[in-house]
Amino acid sequence: MKEIKSNINKKKINIKDIISNNKENRRKNRKNLKHGTYSMGVVAVFVAILVVVNLLIQELPSKYREIDLSTQKMYSIGDQTKKLLKNLDKDVTLYFIAQKGSESSDIEKLLERYEESSDHVKVEQKDPAVNPKFTSQYTTEGVNNNSVIVVSGDKSKVVDYNSMYETSVNYQTYASEVTGFDGEGQLTSAINYVTSDNMPVMYTLEGHDESSMSDSLKDMIQKANIDIQSLNLLTMDAVPEDADCLFIFAPSKDISEDEAKKIITYLEDGGKALIVSNYTGEDMPNFASVLENYGVKTVDGIILEADTNHYISQNPSYLLPNIESNDITSNLSSQSRYILMPLAQGIETTDNYRDTLTIQNILTTSDSSYSKVNVENMQTMEKESGDIDGPFHVGVAISEDLEDDKQTQIVYYSSETLFNDNMNTMVSGANFELISASVNWMCSNEDGSTISISSKSLDTSTLTIPAADASFWSIFVMAVVPAFLVILGGGIWMKRRKQ
């Protein structure tokens with residue numbers, strides 16, 4: 001009986017423990033549930049905040065929410081474009097001609113930058129599959145997918161998709177490769193064109209075996225909205241009145257005395273001229289008279305550099321001149337760029353030129369340069385008796401203030417090779433940037449109609465280094481580094497041998 005009562009008492013105690021444990025578990029569960037519910041609430045609020053923040057960020061302009069990390073700033077707009085858009089006083093519509101689902105992301109992002117930068121710019125996408133006749137309002141020619149039609153008032157300009165990408169042939173694979181993106185340059189040029197009332201006209205002198213402009217050089221000038229027209233002064237009484245600039249591009253034969261007088265008359269009335277000479281070995285007194293009337297003349301022979309920091313390796317006639325700081329070269333000189341100018345003649349000022357002339361240096365050679373006079377029978381590149389000591393100017397800007405607020409402006413370069421496509425490529429486009437800046441300095445007007453923006457290269461940039469640097473690194477790599485490794489290896493061998 002006692003054992004039965006003892007077992008019953010034990011069971012009662014166990015039941016009490018079980019009931020007590022159940023109450024404690026329920027209390028813990030309620031507490032855990034409370035904490036769990038609180039945690040889920042916090043997570044839900046945090047997710048909601050993230051969604052709201054994300055939605056708000058999406059409403060911000062892309063320039064604030066997207067960072068352009070590309071080397072060439074593919075999806076950004078430059079200072080010239082920002083200035084143009086800031087000063088816009090006319091409404092401009094950019095019609096993006098692209099089928100739904102096949103839009104170019106490069107062009108789409110670029111157009112977004114334009115729309116965000118000005119209240120006067122609006123972007124509209126037009127699907128040619130939905131509106132097949134839309135482009136016929138602005139052009140009779142076919143418009144490629146992802147092209148842009150820029151419209152302001154009655155003026156319009158088609159920026160073709162293919163014109164926004166530069167291509168070249170890879171001669172290893174014989175396939176066409178995209179080497180540059182010119183979207184900003186083409187679009188800004190088009191906006192400038194449709195919003196400007198007057199476009200400058202450049203006349204190029206002909207009839208004296210002048211050098212020919214390459215297609216890329218023509219495109220660069222025309223992209224600045226400058227109309228290029230030919231001029232034969234033998235058949236005309238004077239330089240046309242609508243000439244904003246005269247281009248004399250390295251004539252091989254002398255101009256006539258009558259032509260020289262017509263050019264001087266044009267310049268003395270506030271004309272502008274881009275003049276380029278080339279070494280010919282022939283006397284050109286009439287051509288020289290135009291330059292001498294503005295205080296400059298060419299030095300006999302061709303310049304060679306003795307300073308290895310001012311020419312490219314093994315080519316002392318391939319000059320890397322100093323870029324002087326002025327209105328034309330401000331961007332290039334501040335960026336420590338190189339200009340490559342082979343086979344240049346020296347430019348010097350004449351004695352007692354009139355004090356109304358202002359002559360600024362653009363490009364100059366080093367103190368160690370000299371002009372090789374006997375070019376035809378040159379036996380050595382070393383300096384000889386009779387050669388002319390430097391330094392020399394190889395590019396100058398000349399201006400003269402006249403009555404009635406007129407101003408004559410001349411830019412003179414002494415080598416046609418400055419305008420050569422290959423030379424320009426070797427210095428990553430710096431040569432053409434200099435030419436563009438020179439034309440802008442002369443032809444720009446109040447509405448800035450000569451804006452020109454270089455394309456953004458997608459190709460590998462060419463590294464141009466002076467001969468001195470090339471020699472240093474050659475010696476360092478071929479002699480210093482191997483010698484250091486031999487000494488280091490010998491030291492390690494000796495140390496291990498003693499152990």
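Ile248 contributes atom CD1, which lies 9.5 Å from atom CD of Glu259 (distance to the nearest 0.5 angstrom). Here the straight-line distance linking atom CG of Leu94 with atom CD1 of Ile97 works out to 10.5 Å at 0.5 Å rounding. In this structure, the separation between CD1 on Ile191 and CG on Asn225 is 11.0 Å, given to the nearest 0.5 Å.
Using modelled atom types and a 3.5 Å distance limit, the side chains of Asn145 and Gln99 yield no donor-acceptor pair. Under the 3.5 Å distance criterion, with hydrogens and angles disregarded, a donor-acceptor pair is assigned to the side chains of Ser366 and Glu305. Residues Gln229 and Asp227 bring a donor and an acceptor atom of their side chains to less than 3.5 Å of each other. The closest side-chain donor-acceptor pair between Thr365 and Asn322, if any, does not fall under 3.5 angstrom. Side-chain atoms of Ser438 and Tyr413 include a donor-acceptor pair closer than 3.5 Å. Between the side chains of Gln125 and Glu103, at least one donor-acceptor pair of N or O atoms lies under 3.5 Å. When only modelled atom types and interatomic distance are considered, Asn422 and Thr425 share no side-chain donor-acceptor pair under 3.5 Å. Residues Thr81 and Thr188 have side chains that bring a donor and an acceptor to within less than 3.5 angstrom of each other. A side-chain donor-acceptor contact under 3.5 Å links Glu206 and Ser230.
Note on ring orientation: taking the six-membered ring where Trp is involved, the planes of Phe181 and Tyr165 are tilted (angle from 30° to 60°).
Salt bridge Asp127/Lys100: absent, no basic N to carboxylate O contact under 4.0 Å. A salt bridge does not link Arg113 to Glu184: none of the charged nitrogens lies less than 4.0 Å from a carboxylate oxygen. A salt bridge links Asp269 with Lys406: the distance from a Lys NZ or Arg NE/NH1/NH2 to an Asp or Glu carboxylate oxygen falls below 4.0 Å.
Within 6.0 Å of NZ on Lys90 lie more than 12 heavy atoms contributed by other residues, nucleotides or ligands. Heavy-atom neighbours of Glu241 CD from other residues, nucleotides or ligands within 6.0 Å: at or below the threshold of 12. When the shell of 6.0 Å around OH of Tyr138 is examined, it contains more than 12 heavy atoms from other residues, nucleotides or ligands. Counting heavy-atom neighbours within 6.0 Å of Phe247 CZ, excluding the residue itself, gives a total above 12.
Taking the centre and axis of the six-membered ring of Tyr193, the NZ or CZ atom of Lys155 falls inside the cone set by 45° and 6.0 Å.
Side-chain atoms of Asn420 come within 3.5 Å of backbone atoms of Met423 as a donor-acceptor pair (strictly under, hydrogens ignored). Remark: side-chain polar atoms of Ser414 are not paired, donor with acceptor, to backbone N or O of Ser277 under 3.5 angstrom.
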Is there a side chain to side chain contact (heavy atoms under 4.5 Å, CB included) between Leu320 and Ile339 once you walk through the steps? CA-CA 6 Å; Leu320 297 174; Ile339 295 293; over 6 Å; no
Hey, mind stepping through Glu324 and Thr364 against side chain to side chain donor-acceptor pair (under 3.5 Å) and telling me if it holds? CA-CA 7 Å; Glu324 304 298 331; Thr364 58; 2.6 Å; yes
Mind running ring pair (Phe, Tyr, Trp, His ring centres under 6.0 Å) on Tyr412 and Tyr294 for me, showing each step along the way? CA-CA 11 Å; Tyr412 172 40; Tyr294 286 91; over 10 Å; no
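Smallest separation of non-hydrogen atoms from Tyr266 and Ala243: OH-O, 3.5 Å. Taking each heavy atom of Pro342 and Thr417 in turn, the nearest pair found is O-OG1, 2.7 Å. Between Asn424 and Ala430, the closest heavy-atom pair is OD1-N, 3.7 Å.
In this structure, Phe432 has its ring center no closer than 6.0 Å to that of Phe419.
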